[in-house]
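In what follows, a single structure is set out as structure tokens and then discussed.
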Amino acid sequence: MTGEAVSGQDVSNPGKSSWRVTVLGGGAWGTALALAMLRAGHKVRLFARDPQTVAAIGQGQNPRYLPGIAIAPGIEATSDIAAALSGADCVLAVTPAQSLRATLAVAKDNMPDGIPLVLCAKGIERDTGALLSAIVEEILPRNPVAALSGPSFATDVARGLPTAVVVAARDEALAADLAARFSAQNLRCYSSDDLIGVEIGGALKNVFAIAAGAVTGAGLGASAQAAMVTRGFVELRRIGAAFGARPETLMGLSGLGDLLLTCSSAQSRNFAYGLALGQGKALAGLPLAEGVPTAAIAARIAVERGIDAPIIAAVAAILDGAITISQAVTALMTRPLKTETND
């Protein structure tokens, strides 16, 4: 085995008992979070559908999703969802947003009652416009729902590099308990009771990351990118307000912080997708970009609720093939002049 060694348990949380944490999803983010939970002193099981991924993790690596990173022993990987969920104290759902409903439907009969389910994917369900927490509450009404979000790349978390995130739940005590249990030496978890705000920030930043990548790929310059990100944040706040998100949540790690990270680096799958789009490259075969389905539903929600969101609308139209990037930029730059507002 080759690659950068990643420590297993480097720090436990004083005064917090070890939990049995199940991670649903064997991709880069799921594997990274499994390592983070291991470092926080928990016993970790990871469910992945792909037997090759399960076998690779058992051998101390996940070359398909985290190439070059050697994974320390301690993660019990399995493709048996019943075995993965058996006896769990907490479940981290790290499956893509658009497949969450199907995953929970399969997990439902084996989910222990009363244990928290923590959403670690970001998006809005394309067909229904539902936030992911609403899907959990519909399918698993006996399991409290939380969300983990914030500026974090899977490779950074997998390597144990310093990262700060937010853990949110409607129950403030639950959010604080989860944040304390998940924190480790280089993973600082803040807590919040604004679950909706954290979800909205995480979902919409993916759409703006596609826009930022497209602006960069099309060679429109740093000034255009800065303007797009800034005005995109205004749209994020408008939609967040319509859902009842608190402004201070959107100004924090799970809103502005995540937006700045994903709009500035090709490590972001959504930025990389937009970059290829702007460069006119083939999009087939690129890693999953959650902002693609989210753009369409976010644009529809904005129209239905009478929210001014021209950047979201432009991204959705570009992805749908209705307009080109050049046409979108022209439309945005020729909108009627007005006083700048941030709400």
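All values below were derived from every heavy atom in this structure, side-chain atoms included, with hydrogens, water molecules and symmetry-related copies excluded.
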Taking the side chain from [X] and the backbone from [Y], do they hold a donor-acceptor pair closer than 3.5 Å?
| X | Y | answer |
| --- | --- | --- |
| Ser18 | Gly41 | yes |
| Ser265 | Thr262 | no |
| Arg237 | Met251 | no |
| Asn270 | Gly291 | yes |
| Ser99 | Ala102 | no |

Ion pair [X]/[Y], N-O distance below 4.0 Å:
| X | Y | value |
| --- | --- | --- |
| Asp193 | Arg170 | no |
| Arg101 | Glu138 | yes |
| Glu304 | Arg300 | yes |
| Arg45 | Glu76 | yes |
| Lys338 | Asp308 | yes |
| Lys43 | Asp89 | no |

Next on the checklist: Same cluster or not: Leu204 versus Leu132, using hydrophobic residues (I, L, V, M, F, W, Y) connected whenever any side-chain heavy atoms lie under 4.5 Å apart?
Outcome noted: no

Checklist entry - Hey, any chance Phe233 and Leu260 share a hydrophobic cluster, counting ILVMFWY side chains that come within less than 4.5 Å of each other, even indirectly? => result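 Linked within one cluster.
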
Checklist entry - Can Glu125 and Thr128 be counted as having a side-chain donor-acceptor contact under 3.5 angstrom? => result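 Glu125 vs Thr128: donor-acceptor pair found between side chains.
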
Checklist entry - Just checking, any donor-acceptor pair under 3.5 angstrom between side chains of Gln267 and Thr155? => result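 Present: a donor and an acceptor within the cut-off.
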
Checklist entry - Checking side-chain contact (heavy atoms from CB on, under 4.5 Å) against Tyr273, which of Leu319, Asn206, Leu288 comes through? => result Leu319

Checklist outcome for this item: Exactly one candidate in Thr31, Ile75, Ile69 meets side-chain contact (heavy atoms from CB on, under 4.5 Å) with Asn62; the answer is Thr31

Checklist entry - So which heavy atom on Ala212 is nearest to which on Gln225, and how close? => result CB-NE2, 4.2 Å

So does [X] have more than 12 non-hydrogen atoms from other groups sitting under 6.0 Å from [atom1]?
| X | atom1 | result |
| --- | --- | --- |
| Arg188 | CZ | no |
| Gln279 | CD | yes |
| Glu172 | CD | no |

Item to check | From CE (Met111) to CG (Leu140), nearest 0.5 Å | outcome: 5.0 Å

Next on the checklist: For Phe153, does the six-membered ring have the charged nitrogen or CZ of Arg159 within the cation-pi criterion, i.e. under 6.0 angstrom from the centroid and within 45° of the normal?
Outcome noted: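 No, a cation-pi geometry is absent between Arg159 and Phe153.
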
Checklist entry - Parallel under 30°, tilted from 30 to 60°, perpendicular over 60°: which one fits the rings of His42 and Trp19? => result tilted

